Amino acid sequence: MTMQKAIVKMLQGNEACVYGALYAGVEFFAGYPITPSTEIAEGMARELPRRGGKFIQMEDEIGSIAAVIGAANAGCKAMTATSGPGFSLMQENIGYAYMTETPCVIINVQRGGPSTGLPTKIAQSDTMQARWGTHGDYTAIAVAPSSARECFSETVRAFNLSERFRTPVIVLTDEVLGHMREIMTIPQAGELRVVDRVRPDVPHEWYRHFEITPSFVSPMASFGEGYRYNVSGLTHDQDGFPTAIPEEIKTKLDKLRLKIERYIDEITSFRTEMMDDAHVAVISYGSVARAAYQAVRMARERRIKVGAIQPFTIWPLGEIRLRELLIPIKKVIVAELNMGQLVHEIRRVAPRHTEVFSLNRYDGEVMTPHQILDKIREVL
Amino acid sequence: MTMQKAIVKMLQGNEACVYGALYAGVEFFAGYPITPSTEIAEGMARELPRRGGKFIQMEDEIGSIAAVIGAANAGCKAMTATSGPGFSLMQENIGYAYMTETPCVIINVQRGGPSTGLPTKIAQSDTMQARWGTHGDYTAIAVAPSSARECFSETVRAFNLSERFRTPVIVLTDEVLGHMREIMTIPQAGELRVVDRVRPDVPHEWYRHFEITPSFVSPMASFGEGYRYNVSGLTHDQDGFPTAIPEEIKTKLDKLRLKIERYIDEITSFRTEMMDDAHVAVISYGSVARAAYQAVRMARERRIKVGAIQPFTIWPLGEIRLRELLIPIKKVIVAELNMGQLVHEIRRVAPRHTEVFSLNRYDGEVMTPHQILDKIREVL
Amino acid sequence: MTHQPLQSEVTHHYLRPKKKFPNVWCAGCGNGIVMGALIRAIDKLGLDKNDVAVISGIGCSSRMPVYLDFNTLHTTHGRALAFATGVKIAKPQMKVIVITGDGDALAIGGNHFIHACRRNIDITAVLINNKIYGMTGGQFAPTTPGGMIATTAPHGNYEKQFDVVKLAIGAGASYVARGTVYHVTQLEKLITGGLRKKGFALIDAFSNCHTYYGRMNREGDAVAMIRWFKKHAMPVEAAARIPPEKLKDKFITGLIHETDATEFCEEYHWLVDRLSGKEAEK
Amino acid sequence: MTHQPLQSEVTHHYLRPKKKFPNVWCAGCGNGIVMGALIRAIDKLGLDKNDVAVISGIGCSSRMPVYLDFNTLHTTHGRALAFATGVKIAKPQMKVIVITGDGDALAIGGNHFIHACRRNIDITAVLINNKIYGMTGGQFAPTTPGGMIATTAPHGNYEKQFDVVKLAIGAGASYVARGTVYHVTQLEKLITGGLRKKGFALIDAFSNCHTYYGRMNREGDAVAMIRWFKKHAMPVEAAARIPPEKLKDKFITGLIHETDATEFCEEYHWLVDRLSGKEAEK
Amino acid sequence: MSDEEPKPKVSDATPDEQKVTDRDAAADRPAGMKASDYVKGGVPPLNIFLHWCKACNLCIAFCPQKVLEPDRDGKPVLAHPEKCTQCAICWLHCPDFAITSNYK
Amino acid sequence: MSDEEPKPKVSDATPDEQKVTDRDAAADRPAGMKASDYVKGGVPPLNIFLHWCKACNLCIAFCPQKVLEPDRDGKPVLAHPEKCTQCAICWLHCPDFAITSNYK
Amino acid sequence: MNAAGGKEQKGKKSKGIQVDSDRYEIRLSGSGGQGLILAGVILAEGLGIGDGKNVVQTQSYGPEARGGASRADVVVSEREIHYPKTMKLDMLLAMTQEACDKYYPDMKESGVLIIDSTLVTQVPTKRYYGLPFTRLAREEIGIVMVANVIALGAIAELTGIVSREAIRDAVLARAPRGTEEKNKQALELGFSEAKKLKRT
Amino acid sequence: MNAAGGKEQKGKKSKGIQVDSDRYEIRLSGSGGQGLILAGVILAEGLGIGDGKNVVQTQSYGPEARGGASRADVVVSEREIHYPKTMKLDMLLAMTQEACDKYYPDMKESGVLIIDSTLVTQVPTKRYYGLPFTRLAREEIGIVMVANVIALGAIAELTGIVSREAIRDAVLARAPRGTEEKNKQALELGFSEAKKLKRT
Ligand SMILES: Cc1ncc(C[n+]2csc(CCOP(=O)(O)OP(=O)(O)O)c2C)c(N)n1
Ligand SMILES: Cc1ncc(C[n+]2csc(CCOP(=O)(O)OP(=O)(O)O)c2C)c(N)n1
Ligand code: SF4
Ligand code: SF4
Ligand code: SF4
Ligand code: SF4
Ligand code: SF4
Ligand code: SF4
Ligand SMILES: [Mg+2]
Ligand SMILES: [Mg+2]
């Protein structure tokens, strides 16, 4: 799949995810339709068979993520897309992906919850679930784009992180982002980096599927390549065989954590606007970030020294870098389309002298620049 | 079901949950076997039909929680019991219970995770999941006993809270607690308070299943009693009809939060040991609390001024009361059988001058008093 | 009671007074026709509204309970039968009806479906089978015929289909029938039969989704799609007398399968009775 | 290659070199007998170990892949067929085998089971049917006969059972067979047949769990339970010739159902071929 | 492509309000009167609640007697009431309960 | 009542080690020799790996010729090797692959 | 690419602090069957692909997804468009009375209102352009369905926000095979009828 | 009831700070079929129900759940038992060599070791009590299965931690119908054999 000349397209956020995934080299998609993510499955159903890739609509979301993990172990770059109810159903098997260190990408186009909630309305209320949704100890990676362009690039980045660290990566978008159409230039082949999982370079017999390496990431062979390893969701040793030995258990769980913790700088990413001289900052992600930039523009017109920070990586948040950014800041507003989720994390991370305020909306509507502007003026 | 004379029994934690539930008036149990919770289902299968209650083994955990919610809407005190993988599978429908304000009790006997993990080994790694496991915005109640006696009494309390606030309540126990046998006196009828849901006292036509009341808790009628209301997992108005009106949406979500937030004092509960003159405190819950008490005893022998705090209610934690308890404390150790979960919450809640330390174990073994003692000496 | 309502007005007496009409469905959607048949069946049996529970999952079809003046539970996608199982066991005296779609019952809900059949629990399930996921905008279902276009089968559906009737029989259901929204009187009778049956009853009701299935597959509007049912339906009694080659483009309607087996709640009740002498042991 | 191994040693060549033996199963558990039959079937077909994937869920039976020197995936409870579907579609050239239990396949995994049948995807599923949940200690399964004792049916099981064969046929499987751990040569042949079949093949393998099912129901030890299979099995060919009343306490074994239908991955492959001319449109 | 909420057209009349209106209109229908007597009796064979009707055309298409014809909006009008045999096909198929008969 | 991990009895020998040992033992088996020739040939009809055997009794119970008898631990011994017909029933049913034949 | 490769991005400070003078907000509204979402997409593609502007198109789902009032919003700017939804409309097209009543209050005072005079009979202001799009479609082109395309022609002509070439290419790119000619006619009719209006 | 009714509980300060001198830790160990979990439960019930002490019984699951080494731990105390697991054993019963080897290091220096001399042949210390429980069961009672009950009798006699009456009631409460007599015999045999040992 190569793209020669600059192609400008009007794409829905959901479609941009599809093209981003194709750019990253997705070979397998399994999913079950759910509003507002369905266009991703529909795009994949259209595009993948044309390119020799594999598409399957499974019987449910549990089966979808299972098939994705199966395909990933058979060597494919694989993904699924869903929304809240489906994301909840996938949790058990997402845990299996963590445990078995299977690279794959899960896009959650968020809608209002809990439960069936508001299928056609926006929310950002699965933020904490993306970190803590499945049982047990593990470390999650989740990224959050805010435009069609970022839907494309963050999907690419999600695949890269997933392959790089042998771990599932979650892309959190939302209903408005998924359905809005935006003009964007499709990156040329080579313009964005595309990462593939590291393959083993040892003889078949020496291969250990969960080998403890200095980076804590193990090279990954695929089914059918002569390695014949075992994969299990039971806590296992380096060969994938179930273990009950406390040291081996701890080693395994530490591996899951350290392979991410050690590379936080490589994983996290922020966009900042007008932060150089700011005393007040607005932290927001996804759709809300755009309202925040608009609000900052508006506030600057009123000579208010405010800036905006948009973390692209929500989990892990990158607390060292964030704390650095907040050092000159007296007041920070965390704007989210929920009752307050990432704000808990910011509270924990913010320097002592930085006061943290929460701006929340959870009525199914987008956050407007005026709301943010009002809050800025309120906390001043 | 009346109990006349004091009965002393040796009970496994899991069995104590069964008798606690019966004491609280459980009428319906649906479940799917999973280690280490299975003895709860087995106890219910034995006891319920003898007492005219209803037991069903469903085809899976999703069906189990669904049947529980169905039965609860048909008027029963209903419950299920599971462990990590099953708890993950239940998440979508637990969200339905939040949204539809259906009282029910879910016991999660924790084992090591993620994924299939360590079926016969202890962990406390579903603590955050109990708060954030399903998608969307809601407020969770979770309690955590640490002995057979508390398995009994906290199960009763879980039913009470659930009926009182029309919400699902989670009981977090663990493998060691579930399987250990302990001597206890079964409380007499009347000894513990048993709460039933408030029933409507208005004419059928006036009844609104989700009425906004001053307490935010709506009286609850059951199916078959002449009220004929609608229940939906879509965001709904006071009559249970789906709504897309922003004000109604916000009202509904606020209701879910406020009915709990307003009564935090009634919901939260702590046990403290030797806190009166302590400078250092150990916060722990579930099985670990017992090691903490032991460690405090041992430390006191060494004249170390240390105390212990055990929250029985994990969610909501009761931050005001906890902060009060921590005011005289310089250093607090949060001891958990995970990589650090409740400690995040304590970090957020602790007074500025209180330093928070995390003591973690996640190798499938219990936390020992010596480990805690060592940590106490380390931070001193 | 004294004023015997006209048959054609009966439906209105079972609609929810507070819920605004018209309903959410597209003009001409068969869901409303099935709803009429269901109401008339309930009315004919003289059931008390308070004793009827109607439970659904998620889908266009599953929106039905919202309009019905019974005890109604609009649940999560695919889980209606599991919720209904809880309701039925908790209150066995109630008539429990499940309204579900082909996606709801057979895709995500397939497991609860086969287990409800197996248990032979006294629930009447009306499966509105429009061969598509209507509510999410036209993705293929496990019932969408091969070759057909759907938004997730833009190049034509290459999957095989469930025969709902065979699946239900294979799983152990004791009453299995098929009707269509054209044959509305028969449909009403089949639902009545299901409600009378003590045990799990399935009515596979063929319905039209012209908005998606019809449009994408050039099968025309509601009228055209419903006419197709008229033309291709073959009553089970007639089918027995007709040479197989003539049945090729037909589908069978009517009460296709019925057996007698003890019902789940009844069995449980017997157990409770049997044990009730043993209360001594605590 | 030159040294032709003895037939009785064949199994050893397919056991995982690194995995410690003996296996986790109770002495006399039929799981090991099925494992032997499976290995010999694979060996007879001359499959390359690298081209075989064995996938299981959770249960005693599902522990099998750990011991087998293939590409093995020990997944989550009930989901083996869904994982296997992903593997098979990703690498259609591989032989994909699923080892599952009656609880794994038919309780929690029922939905993936019927959909694998429906899709007719080229997977061979060996369902070790011991009529109980072995691993969790003896709770009843959807296959536990009525009246039997289990830890969650301490007063006797009042639920009805699936007939796995009927369910699979109802859902659309193209190869459905039943064997037992007594009839181990037949079992091997049935598995071989399933592996040869292009499409979804189910082998329902009756096995003994004397540790729970046997003990609780006084059916004796492994020997007694396996003898019972010997006595009550009736080959499908013989059953056709015998009056029904004589079949009352028998169960049918052998290849019970086989049809020809196109296979899922093949259909998908044709689609890709058909579209490959259309790459122009991006 | 919306989940959960396909297409509304919200009306403010409740079914009960609707019913009252229409029952009034047919209040003095002669018991046992046949539809063919319509012209004489003056009570129409059917009532159509335009407010609930979505102009789906089913009643018009399926009426064996061609009693109904579409109005400007596609909703049915009793064009040939005298031909109505009260076969019930129209109202049994109306997905929106927008037709009642005065005779059945 | 344990999930996932019923009952072990862990051995330290890998199947490969095991195999080598036993193949050595049968190294010089006479090709095409029948079991009934055992007494003459001196090669036993079966090898039993006691290390893997769990004393389940299946081989002993199912042998039609009563060739096998339990030892003190319940594990099979070749009590009557000369009666063995090499019917394979014992090793086909051994769940632990603890029996191999030298003739098949 | 903001986030690609994990590199942190600074804001485009060079542009400095400006009023959003180059931001232009458009709403096309009417009822379900009038093809206004499609018109919105075409307009956005004309602006974005043809004229090379930054453009975002949004719509509101929810109960009114099909049937009821239908609307598509388009925001255009020379600069990066931050907030993607409309705040105060620079232009409103109302193809039904209901839509006109509902959305008129969302307009800027200086905003341009364009109505379908076939269906909108009571206009809440005197400052508006009215053309009988539906009647023109029926009578001049022979297909009611192209009323939206005529309206697009009129919008191009009356507001000058999108170039004729760009909107023409965009319409043709989306026209179903065989309908290209009719759609072109419709667009030209929109141009010419609007021109007449401007002159009066 | 610590948590009942949502009331906060203060520690029982009256008891003051004490060494855990009243804490006594017992382990019964052997192999899968020897019924040691059951013995642990019986012992705990004797202590808790019969003698009214605080008692907690734990066991270790995991790979060794059935087969392999099997063990049941019992902690007894007059006071509330905080930590439920054993830390340093006051008493160890080892019914197999493997169990003896494995768990001997977990004992206090002052701990009491009791072994089944039928099966444990190499004892790592000289300070121990040995009785051939398995042989006694086979030869004196006629059922190997009651070796665990004989051991319980010996434990009662040798440690005095549990009263004869309490352990007798506890054994009978758990004995399957029809086996009461044999179990009683076994227990008495345990008492008497141990008494002999003490005298020597
Ligand atoms: C867990 C979950 N997955 C997916 C969806 C999205 N969804 C809603 S309805 C539906 C399909 C409905 O199809 P069917 O049951 O046939 O009903 P119809 O709309 O055709 O009547 C889907 C996939 C959901 N609501 N929840
Ligand atoms: C989601 C989930 N639920 C429940 C369990 C517990 N569990 C493990 S195996 C099993 C049943 C196994 O029965 P079966 O498939 O028949 O296998 P067998 O052990 O009988 O071979 C159960 C309920 C689990 N591991 N995961
Ligand atoms: S989308 Fe299809 S199924 Fe849904 S209401 Fe419209 S016609 Fe009916
Ligand atoms: S518990 Fe049953 S199924 Fe499991 S290994 Fe033992 S005998 Fe086999
Ligand atoms: S009742 Fe029959 S004849 Fe009369 S209008 Fe209706 S369909 Fe036509
Ligand atoms: S069938 Fe009903 S909704 Fe359809 S046109 Fe006739 S009256 Fe109107
Ligand atoms: S091969 Fe046959 S005859 Fe020989 S020992 Fe085995 S079972 Fe007996
Ligand atoms: S069948 Fe195998 S495991 Fe069982 S006794 Fe014989 S040799 Fe041992
Ligand atoms: Mg459908
Ligand atoms: Mg089983």
Side-chain angles (χ1 to χ4, degrees), chain B residues 1 3 7 9 19 22 27-28 30 46-56 58-60 62-76 78 92-93 95-96 99-100 102 186 204-205 208 221-234 236-237 239-242, chain C residues 16-20 24 48-56 58 63 65-94 96 111-112 114-116 118-119 121 264-265 268-269 271-276 278-279 281-282:
Chain B
M1 186 198 351
M3 308 190 192
I7 303 168
K9 274 190 180 264
Y19 289 108
L22 291 168
E27 296 162 287
F28 184 97
R46 193 179 61 238
E47 298 300 331
L48 277 175
R50 284 185 182 156
R51 300 157 193 252
K54 310 296 169 79
F55 169 87
I56 184 168
M58 289 296 287
E59 49 272 20
D60 58 20
I62 300 175
S64 299
I65 179 74
V68 162
I69 298 170
N73 276 288
C76 291
E92 189 201 5
N93 280 339
Y96 184 84
M99 183 59 115
T100 57
T102 302
I186 306 276
H204 291 171
E205 316 78 60
R208 311 188 78 176
S222 308
F223 277 10
E225 294 176 346
Y227 293 91
R228 301 202 305 274
Y229 50 91
N230 185 53
V231 177
S232 177
L234 286 166
H236 45 254
D237 62 18
D239 288 310
F241 295 129
Chain C
R16 211 149 224 152
K18 284 189 195 169
K19 182 68 199 171
K20 308 281 183 243
V24 292
D48 185 327
K49 283 183 189 182
N50 293 320
D51 293 342
V52 176
V54 185
I55 296 158
S56 68
I58 299 289
R63 271 302 182 95
V66 177
Y67 302 105
L68 291 171
D69 192 20
F70 302 116
N71 303 277
T72 57
L73 198 60
H74 178 224
T75 71
T76 48
H77 189 36
R79 316 300 171 190
L81 280 164
F83 280 89
T85 298
V87 171
K88 181 70 193 180
I89 296 175
K91 290 234 164 119
Q93 67 278 17
M94 289 185 85
V96 176
N111 206 25
H112 311 299
I114 58 176
H115 282 271
R118 172 178 66 79
R119 284 196 189 98
I121 186 163
F264 182 87
C265 297
Y268 192 85
H269 190 72
L271 172 69
V272 171
D273 277 358
R274 177 156 69 80
L275 294 174
S276 60
K278 299 189 187 171
E279 256 290 16
E281 185 189 353
K282 141 70 223 243

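This is a predicted model, so every value here is computed, not measured.
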Undergrad: For C:Leu271, which atoms come within 4.5 Å of any heavy atom of chain B: side chain, backbone, both, or neither?
TA: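 Side chain only.
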Undergrad: Measuring heavy-atom distances to chain C, does B:Asn230 have an atom under 4.5 Å in its side chain, in its backbone, in both, or in neither?
TA: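 Contact with chain C involves both backbone and side-chain atoms of B:Asn230.
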Undergrad: Quick check on C:Arg118 against chain B: is it the side chain, the backbone, both or neither that has a heavy atom closer than 4.5 Å?
TA: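 Interface part for C:Arg118: neither.
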Undergrad: Can you tell if the side chain of B:Ile62 reaches within under 4.5 Å of the side chain of B:Glu92, non-hydrogen atoms only?
TA: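 A side-chain contact under 4.5 Å is absent here.
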Undergrad: As an exercise: rank C:Ala82, C:Gly78, C:Pro65, C:Ala84 by heavy-atom pairs under 4.5 Å with chain B and give me the winner.
TA: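 If we count pairs closer than 4.5 Å to chain B, C:Ala82 comes out on top.
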Undergrad: Indicate yes or no for a side-chain donor-acceptor contact from B:Arg50 to the backbone of C:Leu275 under 3.5 Å, with no hydrogens or angles considered.
TA: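 No, the answer is negative, given that no donor and acceptor are paired below the 3.5 Å cut-off.
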Undergrad: Check each atom of C:Phe70 against the heavy atoms of chain B and say whether the ones under 4.5 Å are side chain, backbone, both or neither.
TA: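 For C:Phe70, backbone heavy atoms alone lie under 4.5 Å from chain B.
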Undergrad: Between B:Ala78, B:Gly53, B:Gly75, which has the largest tally of heavy atom pairs under 4.5 Å with chain C?
TA: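 Greatest number of close heavy-atom pairs with chain C: B:Gly53.
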Undergrad: About how many Å separate CD of B:Glu59 and OG1 of C:Thr85, when rounded to the nearest 0.5 Å?
TA: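 The distance works out to 6.5 Å.
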Undergrad: Hey, which of B:Gly233, B:Gly226, B:Gly240 has the most heavy atom pairs under 4.5 Å with chain C?
TA: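 Heavy-atom pairs under 4.5 Å are most numerous for B:Gly226.
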Undergrad: Select, from C:Leu81, C:Asn111, C:Val54, the one with the greatest count of heavy-atom pairs under 4.5 Å involving chain B.
TA: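 Most heavy-atom pairs under 4.5 Å with chain B: C:Asn111.
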Undergrad: Does the gap between the ring centers of B:His204 and B:Tyr227 come in under 6.0 Å?
TA: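 Ring centres of B:Tyr227 and B:His204 closer than 6.0 Å.
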Undergrad: Looking at B:Ser64, B:Ala30, B:Gly70, which makes the most heavy-atom pairs under 4.5 Å with chain C?
TA: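 Among the listed options, the one with the most contacts to chain C is B:Gly70.
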Undergrad: For the residue pair C:Ala53 and B:Phe223, what are the closest heavy atoms and their distance?
TA: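 Of all heavy-atom pairs spanning C:Ala53 and B:Phe223, the closest is CB-CD2, 4.1 Å.
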Undergrad: Is B:Glu205 in contact with chain C via its backbone, its side chain, both, or neither, using a 4.5 Å heavy-atom distance?
TA: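 The backbone, not the side chain.
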Undergrad: Would you confirm whether C:Asn71, through its side chain, and C:Asn50, through its main-chain N or O, come within 3.5 Å as a donor-acceptor pair?
TA: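 Yes; at least one donor-acceptor contact below 3.5 Å.
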Undergrad: Please determine if B:Lys9 forms a cation-pi arrangement with B:Tyr19, meaning its NZ or CZ atom is less than 6.0 Å from the six-membered ring centre and no more than 45° off the ring axis.
TA: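 Relative to the ring axis of B:Tyr19, which defines the angle, B:Lys9 lies inside both limits.
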Undergrad: Measuring centre to centre across the rings, with the benzene-like ring taken for any Trp, is B:Phe28 within less than 6.0 Å of B:Phe55?
TA: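 When the ring centroids of B:Phe28 and B:Phe55 are compared, they turn out to be at least 6.0 Å apart.
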Undergrad: Using a 4.5 angstrom heavy-atom cutoff, name the option from C:Asp51, C:Asp69, C:Val272 with the most pairs to chain B.
TA: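 Of the candidates given, the most pairs with chain B belong to C:Asp69.
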Undergrad: For B:Tyr96, is it the side chain, the backbone, both or neither that has a heavy atom under 4.5 Å from a heavy atom of chain C?
TA: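 Contact with chain C involves the side chain of B:Tyr96 alone.
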